[in-house]
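I have placed the structure first, in the form of structure tokens, so that the comments after it can refer back to it.
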Amino acid sequence: MSIIKTWLNDFSWKRWLPLIVVIKLVVFLYFAFQLKATSPDVLVGGWAATTGDTPGYYDPAQHLAEGKGYDSACRMPGLIPMYVPMAMLFGEEGAKISMIFLQFLLSAISIYLLGKWAYFIFKKKWVFIITVLLFAISSFTSIWDHYLMSDSYSTSFFIFSIYFLQRYQISQKNKSLLWAGLFLAWAVFFRQIFIVAFPIIFIILIIWNWKKWSLMLASLIVFIFPLVLSLGLWIGYNRQQFNREVVFTTPIEECFSTYSVEYQMMTKFLIDMGYGEPFWTDGSVVQWMIRSKENQKMPNIPDRHFTTQCNADSLMLLRENFRVYLKSESPVKDSAAVTLRERITRYSNAYHTEKKFNYYVLNRLRHAQQLLVPLRIDNLPGPAFHEMNFVEKIIKIFYLVLFTVVVIVGMLVMVGLFFTKNNSERWWWMLPLGLVFALTMILGFVEQRYLVPVYPFMIVAVAFAISRFIKEPQSN
């Protein structure tokens with residue numbers, strides 16, 4: 001009992017980080033073997049999983065390691081400080097495998113730091129314990145530790161930033177604030193969606209230092225400095241290398257042929273109608289419009305979406321126009337593109353004018369529902385559910401239930417904490433709530449990957465809710 005009591009009262013990294021690594025390792029190995037069994041062709045060296053987006057991140061960094069320069073502005077160079085030295089030491093395959101184990105380790109450290117952040121916010125030991133254990137066993141963010149992508153690194157660096165921002169709140173030392181700005185800027189260089197966090201944190205810093213104008217101004221300058229410096233260097237490099245102004249990345253249609261201007265117009269029109277699901281969502285309107293088989297049945301689209309310019313027949317015609325555009329070559333393709341753009345523009349303008357309540361209210365609420373009440377969990381490797389054995393089914397169901405409960409309960413608790421807490425800690429919840437607002441009400445991004453930056457906060461909120469029903473451990 002004395003050992004357990006010690007664990008419940010000693011939150012040092014020497015005690016908890018090894019436990020986190022062990023728990024994560026069990027989860028990691030399970031999904032690693034699932035990847036080996038079901039998708040061996042996507043693995044580099046048997047460990048590093050790739051996707052269609054992997055070359056965009058890793059090829060320019062590999063070229064830099066080979067002395068050819070960073071030859072693309074389609075992805076920001078967040079990988080350079082880690083990958084290039086590894087590639088020079090271990091070669092391409094060795095470097096990619098090393099990147100997997102590095103992001104696994106950083107992910108473990110981020111779990112510990114999130115627990116420390118949660119403990120400082122709530123001053124409850126169980127909040128630390130539950131946060132660490134829940135986050136360590138959760139698959140929603142840790143599944144990206146397997147992939148040569150941006151999600152794992154960006155999430156870890158985001159948590160590092162939040163931890164150092166909290167250290168600044170306690171100590172008022174600019175050193176902590178500089179680290180916070182550095183890690184958040186680094187997260188932006190992996191995934192640009194994190195840029196949304198900067199104005200929200202600006203507001204938080206202003207609120208914290210409202211009565212001290214000189215301190216407020218200094219805090220904003222120190223925090224933004226790493227982003228301004230790194231973006232300035234990146235912009236200057238692109239101007240010299242490509243003779244053009246590129247702040248973040250070049251337009252997506254220049255980088256990926258799939259995402260043509262017409263494709264983007266089509267997806268934007270569907271998002272405006274409230275259909276922001278990824279195209280691989282079976283039975284969705286988006287899949288039917290842009291990626292379906294020729295004779296696939298039209299899904300049910302409520303009459304409330306139809307305008308004087310666009311009804312069910314119009315959508316079927318638009319779908320056929322898009323299919324012709326995709327299959328054609330110039331000059332037929334160019335003519336089809338003109339027709340497609342004109343039709344989408346006309347339909348969109350009519351929808352914005354005639355269906356304002358749908359566009360500004362109902363459809364944005366639908367985006368929130370799609371993101372926050374998904375009733376599914378994407379990106380878990382393994383066979384189809386009907387092909388799983390009993391243990392695999394139990395694990396899949398467990399992770400589905402865990403993810404659903406964390407997202408729904410976590411969101412409700414975060415809203416409650418923001419509106420009921422009357423101290424400086426309430427402002428922390430502006431960050432996840434602001435991210436959710438931007439994703440659902442402004443951008444219409446409902447792919448589950450976009451929820452990754454918010455998920456750690458949801459874990460903490462759920463941990464706080466559970467801790468309300470548990471007596472605090474007695475001190476030694």
Side-chain angles (χ1 to χ4, degrees), residues 19-44 46-52 100 103-104 107-108 111 129-149 151-152 155 277-284 286-287 291-293 296 299 369-413 446-452 454-456 458-459 461-463 465-466:
L19 177 63
I20 293 169
V21 170
V22 170
I23 295 173
K24 278 184 64 66
L25 188 60
V26 172
V27 177
F28 182 89
L29 290 175
Y30 172 76
F31 286 112
F33 287 123
Q34 289 285 4
L35 279 166
K36 286 176 181 287
T38 59
S39 306
D41 54 314
V42 305
L43 297 176
V44 175
W47 289 100
T50 61
T51 73
I100 295 298
Q103 64 188 21
F104 172 89
S107 177
I111 292 174
I129 296 166
I130 297 170
T131 295
V132 166
L133 296 180
L134 266 184
F135 205 12
I137 65 173
S138 176
S139 67
F140 181 65
T141 54
S142 66
I143 194 63
W144 296 105
D145 296 344
H146 296 266
Y147 287 88
L148 294 169
M149 291 285 287
D151 304 77
S152 180
T155 303
E277 306 96 326
F279 64 78
W280 58 80
T281 305
D282 290 337
S284 66
V286 178
Q287 185 187 68
R291 287 293 178 93
S292 63
K293 297 177 181 178
Q296 186 171 326
Q369 176 267 318
Q370 290 172 318
L371 185 68
L372 301 173
V373 194
L375 300 180
R376 72 182 195 282
I377 183 167
D378 295 340
N379 304 310
L380 288 187
F385 189 79
H386 68 274
E387 297 175 351
M388 290 181 174
N389 60 40
F390 178 75
V391 174
E392 290 172 329
K393 287 181 178 179
I394 292 297
I395 292 173
K396 181 68 176 278
I397 292 171
F398 167 76
Y399 278 119
L400 172 61
V401 172
L402 176 64
F403 172 67
T404 303
V405 170
V406 167
V407 171
I408 296 175
V409 176
M411 187 66 192
L412 293 174
V413 174
V446 299
E447 183 184 344
Q448 283 187 6
R449 281 181 64 197
Y450 289 107
L451 196 59
V452 169
V454 182
Y455 192 75
M458 293 174 165
I459 289 279
V462 169
I466 295 173

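- The shortest distance between side-chain heavy atoms of I20 and F135 does not fall below 4.5 Å.
- Shown here are the side-chain contact (heavy atoms from CB on, under 4.5 Å) partners of I100, two or more places apart in sequence or in another chain: F28, A48, Q103, L148.
- With rounding to the nearest 0.5 angstrom, the CD atom of Q370 is 12.5 Å from the CD atom of E447.
- In this structure, T141 and D151 have side chains that are not in contact, with every pair of non-hydrogen atoms separated by 4.5 Å or more.
- Under the 4.5 Å side-chain criterion, counting only non-hydrogen atoms from C-beta, I395 is in contact with Y399.
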Check against side-chain contact (heavy atoms from CB on, under 4.5 Å), H386 and K393: CA-CA 9 Å; H386 68 274; K393 287 181 178 179; 5.8 Å; no
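- Atom CD1 of I459 sits about 7.5 Å away from atom OG1 of T131, to the nearest 0.5 Å.
- Residues S152 and D145 share a closest heavy-atom pair of OG-OD1, 2.6 Å.
- Under the rule for a side-chain hydrogen bond (donor to acceptor under 3.5 Å, both in side chains), K396 has no partner lying at least two apart in sequence or in another chain.
- Rounded to the nearest 0.5 angstrom, E387 CD and T38 OG1 are separated by 10.0 Å.
- The two residues M458 and V407 have their closest heavy-atom pair at SD-CA, 3.7 Å.
- The closest side-chain heavy-atom distance from L372 to I408 is not below 4.5 Å.
- Evaluation of the side-chain hydrogen bond (donor to acceptor under 3.5 Å, both in side chains) rule for T155 yields no partner, not counting sequence neighbours.
- Rounding to the nearest 0.5 angstrom, the gap separating the CG atom in L380 from the CG atom in L400 is 9.0 Å.
- Residues meeting the ring pair (Phe, Tyr, Trp, His ring centres under 6.0 Å) test with Y147, sequence neighbours left out: W144.
- Scanning for side-chain hydrogen bond (donor to acceptor under 3.5 Å, both in side chains) contacts around Q34 gives Y30, E392, with sequence neighbours left out.
- Within the 3.5 Å criterion, the main-chain N or O of V42 finds a donor-acceptor partner in the side chain of T50.
- The side-chain hydrogen bond (donor to acceptor under 3.5 Å, both in side chains) check on S138 picks up Y455, with sequence neighbours excluded.
- I397 places a side-chain heavy atom less than 4.5 Å from the side chain of F385.
- Inter-residue side-chain proximity for L451 and F403 is flagged as met; some heavy-atom pair is nearer than 4.5 Å.
- A heavy-atom distance below 4.5 Å is not found between the side chains of L43 and H146.
- Here the straight-line distance linking atom CZ of F31 with atom OG of S142 works out to 7.0 Å at 0.5 Å rounding.
- Shortest non-hydrogen contact noted between V446 and L371 is O-CD1, 3.7 Å.
- Put simply, the side chain of I111 does not reach to within 4.5 Å of the side chain of P456, judged on heavy atoms.
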Given the rule in the side-chain hydrogen bond (donor to acceptor under 3.5 Å, both in side chains) test, do S107 and K24 qualify, once you have shown the distances and angles that lead to the verdict? CA-CA 9 Å; S107 177; K24 278 184 64 66; 3.1 Å; yes
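- Between G410 and A461 the shortest heavy-atom distance is O-CB, 3.7 Å.
- Closest approach of A465 and V413 over heavy atoms only: CB-CG2, 4.0 Å.
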